[in-house]
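This report concerns only the one structure given below.
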Amino acid sequence: MLDPNGVLRFAFEQWFTDPCFYDKLTDQEEAKVEIFEKVKELMDAEDFTLPPLDVAVEKLRETVSV
């Protein structure tokens, strides 16, 4: 979400649509905790493994012509 002042905010939908989501989450409201745990599980399942730098540089060279 891009604020009018140009600040980019990145979060899952419920965080933006419920202005009290964080308070409810930290109060351990069951529905909010369940939403957070599902989102966290999805994020944890993402593959953030980066290739070694030399492999990444070689792939970049293959795609960019100078």
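Sequence positions, counted from 1, serve as the residue numbers for this chain. Predicted model only: the values in this text are computed from it and were never measured.
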(Q) Is any side-chain heavy atom of K32 closer than 4.5 Å to one of D18? (A) yes
Q. Does F16 reach the side chain of R9, with side-chain heavy atoms less than 4.5 Å apart?
A. yes
Q) Do the ring planes of F21 and F12 sit parallel (below 30°), tilted (30 to 60°) or perpendicular (above 60°)? A) perpendicular
Q: Taking all heavy atoms of I35 and all of Q14, pick out the closest pair and write down the distance.
A: CG2-CD, 3.8 Å
Q. Can you name the nearest heavy-atom pair linking V33 to L25, along with the distance?
A. CA-CD1, 3.7 Å
Q: Verify, without hydrogens or angle tests, whether D27 (side chain) and E29 (backbone) share a donor-acceptor contact under 3.5 angstrom.
A: no
Q. What distance do D54 atom CG and K59 atom NZ have between them, rounded to the nearest 0.5 Å?
A. 11.0 Å
Q.
Membership question, hydrophobic clusters at under 4.5 Å side-chain separation (ILVMFWY): are M43 and W15 in the same one?
A. yes
